[in-house]
Amino acid sequence: MGGSRLLAVCRIALLWAAVITVLFPILWIALASLKTPAQLNEPFLLRFSPTLDAWRTVLSSDILAAAGRSATVALTTVAISVVVGSMGAYAIARYRAGGTATRFGMLAAQVLPPAVLVFPFLTMAYALRLNDTLVPVIFAHLSFVLPVVTWFLIGFFEAVPRSLEEQAQVDGFTRWQAFRLVVLPQVLPGIGAAAIFGFTLSWNDLFYGLILAPGKAAILPVAIAGFNTFRGVQLGAMSAAILIAVVPVVVASFFIQRKLVQGISGGAVKF
């Protein structure tokens, strides 16, 4: 009994430690967004009169437009990744397409540094006169979101019994109809989780956006970096802008936490 009680106490302590570790930076940034520049010089100041000056500065800037551009990039990237990735994951799960090399080779973009891939995208953007637009950013994001979404979905497709498709074909369905009307509904929760995960990856990207669209088409992370000016970092305004960027990711992560672990681990097993 004593050992079980001690184990329960340790679990609770670890959970609280994890919660504090995750929430403390967000709380710190939220407090910084409500301080004056003078109060920001005292980072441990907890009792102060809050001000919304930093939020007014952010809301009057290009941040909301940049957030809209980031959402456009992320939603377009996710839409393409889910459509192509679901078909690719199905082919790998059902027919072992490409063998082991394909399954692990699709993650090569995660191994390569982004600096290796950004130069070809930049060259093509200039050749097609698409520099400082969202088009090259979308293609750059596809280079790392599409493989991850495909990998994520493999395990979900492998979990669907093959007998369901065989029965559908016996009932007169074509292979495509069986995939679309029988298999896809079974993996919709996984597809939803993969979409949110891919959206988060695209939403958080700074490097490709900074190189490919640093000007009028700047996405949200690039716009946030713009608060680091020649006069120094505008900590209050940057903190408010960071909160605008963080909240959608935190909310999305809360809804996909279980499916996230299942999808990442599922891509590597049953081969």
Side-chain angles (χ1 to χ4, degrees), residues 62-63 65-93 95-154 191 193-228 241-242 245 248-249 252 260 263-264 267-268 271:
D62 190 46
I63 284 294
R69 290 190 290 269
S70 279
T72 300
V73 170
L75 291 173
T76 305
T77 301
V78 166
I80 297 173
S81 297
V82 166
V83 172
V84 177
S86 61
M87 292 187 287
Y90 175 79
I92 293 172
Y95 308 110
R96 304 294 188 254
T100 307
T102 297
R103 178 174 288 209
F104 291 96
M106 72 175 67
L107 296 180
Q110 305 299 311
V111 178
L112 292 174
V116 175
L117 300 176
V118 73
F119 181 73
F121 287 119
L122 185 61
T123 303
M124 287 187 289
Y126 272 102
L128 298 173
R129 297 183 180 180
L130 293 173
N131 53 300
D132 201 18
T133 67
L134 297 182
V135 175
V137 180
I138 291 171
F139 279 99
H141 286 192
L142 281 171
S143 70
F144 62 87
V145 174
L146 176 57
V148 170
V149 168
T150 305
W151 173 278
F152 193 100
L153 291 175
I154 290 173
I191 290 176
I196 296 175
F197 185 44
F199 181 91
T200 302
L201 290 176
S202 177
W203 178 269
N204 288 335
D205 175 70
L206 169 65
F207 183 79
Y208 286 116
L210 187 63
I211 302 299
L212 299 173
K216 57 182 175 63
I219 56 178
L220 184 57
V222 178
I224 292 174
F227 288 106
N228 184 7
I242 288 173
V249 175
L260 183 63
I264 292 176
F271 202 82

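Quick note: residue numbers are just sequence positions, from 1. None of the values given here were measured: they were computed from a predicted structure.
- Under a 3.5 Å cut-off, the side chain of Asp132 and the backbone N or O of Lys216 do form a donor-acceptor pair.
- Between Tyr208 and Phe144, the ring planes are parallel. Angles under 30° get that label, and only those over 60° would be called perpendicular.
- What you find for Ile154 and Ala93 is that their closest heavy atoms are O-CB, 3.9 Å.
- Distance check, rounded to the nearest 0.5 Å: CG of Leu130 to CZ of Phe121 gives 13.0 Å.
- For Asp62, the side chain to side chain donor-acceptor pair (under 3.5 Å) partners are Arg69, not counting sequence neighbours.
- When all heavy atoms are compared, the tightest approach of Leu146 to Gly85 is CD1-N, 3.7 Å.
- Minimum heavy-atom separation, Ala140 to Leu212: CB-CD1, 3.7 Å.
- Side-chain contact between Val149 and Phe197 is absent, with no heavy atoms from C-beta onward closer than 4.5 Å.
- A donor-acceptor contact shorter than 3.5 Å links the side chain of Ser86 to the backbone of Val82.
- Looking at Ser202, its side chain never comes within 3.5 Å of a backbone N or O of Phe199 through a donor-acceptor pair.
- Residues Leu153 and Ala89 share a closest heavy-atom pair of CB-CB, 3.7 Å.
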### Query
Can you list the steps and then say if Thr76 with Thr72 is a side-chain contact (heavy atoms from CB on, under 4.5 Å)?
CA-CA 6 Å; Thr76 305; Thr72 300; 4.2 Å; yes
### Message
Let's go through Val135 and Leu128 carefully: what are the C-alpha distance in whole Å and the side-chain angles of both, what is the deciding distance for side-chain contact (heavy atoms from CB on, under 4.5 Å) to 0.1 Å, and is it a yes or a no?
### Response
CA-CA 10 Å; Val135 175; Leu128 298 173; over 6 Å; no
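- Between atom CD1 of residue Ile138 and atom CD1 of residue Ile219 there is a gap of 10.0 Å, rounded to the nearest 0.5 Å.
- Among all heavy-atom pairs drawn from Val145 and Ser81, the shortest one is CG1-OG, 3.6 Å.
- In this structure, CG in Leu220 is found 10.0 Å from CD1 in Ile242, a value given to the nearest 0.5 Å.
- By the 6.0 Å contact criterion, CZ on Phe139 is open, its count of non-hydrogen atoms from other residues, nucleotides or ligands being 12 or less.
- For the residue pair Ala213 and Thr133, the shortest heavy atom distance occurs at CB-O, 3.8 Å.
- In terms of modelled atom types and a separation under 3.5 Å, the side chain of Trp203 and the main chain of Ala245 share a donor-acceptor contact.
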